[in-house]
Every structure is written in C-alpha cells, then in structure tokens.
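Keep in mind that what you see is a predicted model, and the values were worked out from it rather than measured. All ligand and atom numbering here is 1-based and tracks the order in the structure.
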Amino acid sequence: MKTFDIPSFYRSGIITPIKEFRRKADKLKRDFKPTVLDFGSVRFLIARHFGFCYGVENAIEIAYRAISENEGKRIFLLSEMIHNPDVNRDLQQRGVQFIMDTKGNQIIPWAQLTPDDVVVVPAFGTTVEIQAQLSAIGIDAYQYDTTCPFVEKVWNRAAQIGEKNYSVIVHGKPMHEETRATFSHSQQGSPTVVVKNMEQAQRLATYITGESNAESFYKEFADQYSEGFDPARDLRRIGVVNQTTMLASDTQGIADYLKQVMIHQYQLAPNEVDDHFANTRDTLCYATNDNQDATYALLNHPADLAIVAGGYNSSNTSHLVELCESKLPTYFITSADKILDKSLIRHFDLHQKQEVTTENYLPEKVPATILLTCGASCPDAIVEGILTRILSFYDGARSVKEVLEDFK
Ligand code: SF4
C-alpha cells in the first residue's frame, strides 16, 4: 500500500515500530492476534490493526502540503478534516480555519471567501451543492481534495445501482459528513433514503409493504430522503450502500433484512431477487473491517479493562468502543490527558453522550491486563502517550526499551 509523508510527531517510537514488525511478519493480514507487551506488573494487549488508515494519511499529507504551498494565503477546511481533536487542533494552530462545524452549520459565511482562498475538502468528501458553491466563488475544490478513495467507491456504487433503476438506501448516520456527502452524490442519479439503524430499516419496511402511508414516511424520515421521493413508487427496487465506518454486523443485518422483506413482499424465487433487490456487497472500507476484526480477536483474551482512543465524534472509533464495552469495562478517551491519575479517569460515555469520571479504573491485582486500541483517525503518538502514562503507575515494571527488544 502507498506510504504517505505525514508529520513525524504523529508517529511513535514505540507503537509505529511494533506495527511495522507485525506488518512485515504478516503481509497477507491473516494473523489477527493482538500484540502482547508484557511489562511484568502490567500487560498491554494491543490490537493487530488500529490507527491511521490510508484515507487519513492521504488527507493529512494533502492538508499539510496545502499549508506549505500557500504561504500568505488564507487556508480553510470545509469542516474537521478527520474526527481527531489533536490533528484538527494542530491544523488550526497553523492558521487553518473551519468553514463549517461537523453538523454542517456555517461558521464562516460563503460571502467572506474569495477566489484567492484555498479550501481543503476533508476525507469524508463533500456534497455536490458545496462543490458548486465553491466553484461559484472561483475556488477549485479539487486542488486539495482529501476525499478518501473508499468514500468515492461508495458514491460509485450508489451511481451503479441508480443506473440500473434501483433506489439507494444508505445505511449511515444521517448527520455525519460522509453520509451527507454520499446522500448528495447518490440523489443525483437515484431516489435515495438514509436509514440510521435496524429500527429505521424495520420502519422503512412498513412503507415497502404498504402498511404505512406516504404522509407518515415524510415525517418519520424528514431530512433523510431525496427531493421528490415517493415511497409507493421508489421502494419497489432497492439497493443498499453504507457509510464506510458502520459496524459490519449491523450493516449486514440491515441488508439481509431488507432483502428478505423484498423476497416476501414480491414472492421472489432465488433467480428473481435481483428484480427488486440489488445484489451488492457492503461498502465498509478495509480499515473498518480490519479494525473491527482485530477488536473481536482482542476480546478473545481475558483482560481487566479496555482503553479505546479517538475523537468522541469518530464513527469508526465509537463502534470499537461498543464492541469492547459489551465484554469488559471500557474507557473511551481522546488522549493520555484524560488519565487524571492512578485512580481517576475522565472518559466519554457513548450512552450519555458526555464525559464522565470513573474512580479506581485500574485493578488492584498485579499483573493487570489492559486491552488497548484506537480508531482510524488516531495518531500512534496518542496511543504511546496512553501506554506510557499507565506504565508510570506501576513501580518495578520492565522498561519500554527492554520490551521493544522482542520486536527486533
Ligand atoms: S476509515 Fe476508511 S473510508 Fe474513512 S478515511 Fe479511513 S480508509 Fe477512508
């Protein structure tokens, strides 16, 4: 896979070499066993796959290039480039300004932009409407376009489905930048509706079967359907695409469920399914699949707690947290700063959607075993910071240098 030129402060002298060691030993990515770092009084089990993916490294390389190539010019990002607070903060400290927040609310009015400005498109991509807005101002939206190729692949898949006269069902978070972009591109070619979870897929099924009427569809799916969408007409032939970072099992469940609804509704024989349901594979990206599979493998090992690092608004990271918290106490943190001391940690609660503080998160027993992973937008340096912070609480632990000898 292509390598990218990203600032060295995102790399780690501990984590990056371990990843490289594992990659070289398993080029075909068949071994999902975690890496064990045994410090004696504490053991870390680190997921086989985590951290910066292709799309994130590509985006970081382009964004820093945009800064170095445009001294003296104003540089804007449409919104957060990736969902990681450290990366976004560093770009802002270098003078980059955000035009919108993550929900699409305008921070800087379009009227303040000029053709001399540079605008970086984030890894999630952007909508057709925003591309048109930028070109109306005279800004080339493709000069520093960091849209991940795996997101573009979803747009292409939606277009292919549309060409065959299927409507597109997007499984994604309706307000997420990537899903908004995919929705916008998909609706150029086909009627499109977003479903956020199985519950909404089940509600959508009642419009496929005719149990619910159009009027309630427009209320229930407000802001999630394309202009002119007619549930009586546009749900007879459907295909499913996904936001690239959904939970693989959820996405599979929704596609299988909707397929069965179509089979039942139209009494389809196996060779007739394609008449009503586009037979496509999911559009999750490789990093989502690798990171989730590596987390399942991590969870096969008994441990006292899990720490998952990443931005609290990161979709792929939150799914790793969901997997871990179904098995053991899990702490979702942005960085080592959230580890307040040996007995106090400040972490994000996905259910309350806010940070909470937990006491005595580390076990008293020795050795403690800690699972450690992070999302696709989290730098290795953050994971190193977490590991060394926890390690500092254990007197007599083996040194990092000693443990790293095992990876040479
Ligand atoms: S998580 Fe997947 S889709 Fe998103 S930037 Fe990374 S590779 Fe691209």
Side-chain angles (χ1 to χ4, degrees), residues 1-6 10 19 23 29 47-66 77-88 91 102 120-127 144-158 170-173 175-186 194 240-252 280-295 308-323 332 373-380 382-383:
M1 199 175 270
K2 188 179 165 193
T3 53
F4 295 94
D5 181 16
I6 66 167
Y10 291 132
K19 279 174 142 181
R23 192 190 63 76
K29 298 204 289 191
R48 164 71 175 94
H49 296 283
F50 62 91
F52 280 1
C53 57
Y54 180 101
V56 164
E57 293 211 353
N58 177 51
I60 290 178
E61 181 184 273
I62 295 173
Y64 283 86
R65 180 155 48 79
L77 257 162
L78 279 178
S79 63
E80 289 191 359
M81 189 178 62
I82 55 172
H83 286 157
N84 184 275
D86 289 270
V87 176
N88 291 314
L91 290 169
T102 50
V120 180
V121 175
F124 317 108
T126 193
T127 65
Y144 296 106
D145 179 6
T146 81
T147 307
C148 177
F150 294 96
V151 173
E152 283 176 338
K153 204 169 142 191
V154 184
W155 301 351
N156 294 338
R157 178 76 63 80
V170 183
H171 172 217
K173 299 180 178 175
M175 292 309 291
H176 190 284
E177 294 98 316
E178 181 193 317
T179 292
R180 292 204 310 269
T182 296
F183 176 78
S184 163
H185 284 263
S186 173
V194 178
V240 179
V241 300
N242 334 100
Q243 185 180 321
T244 55
T245 50
M246 301 307 276
L247 193 59
S249 53
D250 284 355
T251 268
Q252 191 59 51
T280 60
R281 292 187 53 216
D282 69 53
T283 53
L284 301 171
C285 72
Y286 86 93
T288 293
N289 279 312
D290 284 354
N291 292 352
Q292 288 177 11
D293 287 347
T295 303
V308 182
Y312 297 154
N313 55 351
S314 161
S315 169
N316 78 87
T317 316
S318 63
H319 292 311
L320 302 183
V321 175
E322 281 171 30
L323 294 180
F332 181 11
T373 189
C374 72
S377 46
C378 182
D380 287 353
I382 295 280
V383 180

Cation over ring, K19 on F50, under 6.0 Å and within 45°?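 Judged by the rule, K19 and F50 form a cation-pi pair.
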For a quick check under 3.5 Å, do W155 and T182 share a side-chain donor-acceptor pair by atom type?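 Yes, a side-chain donor-acceptor pair sits under 3.5 Å.
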Under 3.5 Å, sequence neighbours excluded: what are the donor-acceptor pairs made by side chains of residues 147-154?
from: T147; atom 1: OG1; to: D145; atom 2: OD1; distance (Å): 2.5

What about H83 and Y312, are their ring centers closer than 6.0 Å?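 They do not qualify: ring centres at least 6.0 Å apart.
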Could you tell me if the ring centre of F4 sits under 6.0 Å from that of Y54?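 Ring centres of Y54 and F4 closer than 6.0 Å.
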Residue that, paired with S377, satisfies side chain to side chain contact (heavy atoms under 4.5 Å, CB included) out of N313, I82, T245, D86: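 Answer to the side chain to side chain contact (heavy atoms under 4.5 Å, CB included) test with S377 among N313, I82, T245, D86: I82.
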Which protein N, O or S atoms does atom 8 (Fe) of ligand 1 have within a distance shorter than 2.8 Å?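 Atoms qualifying: C148 SG.
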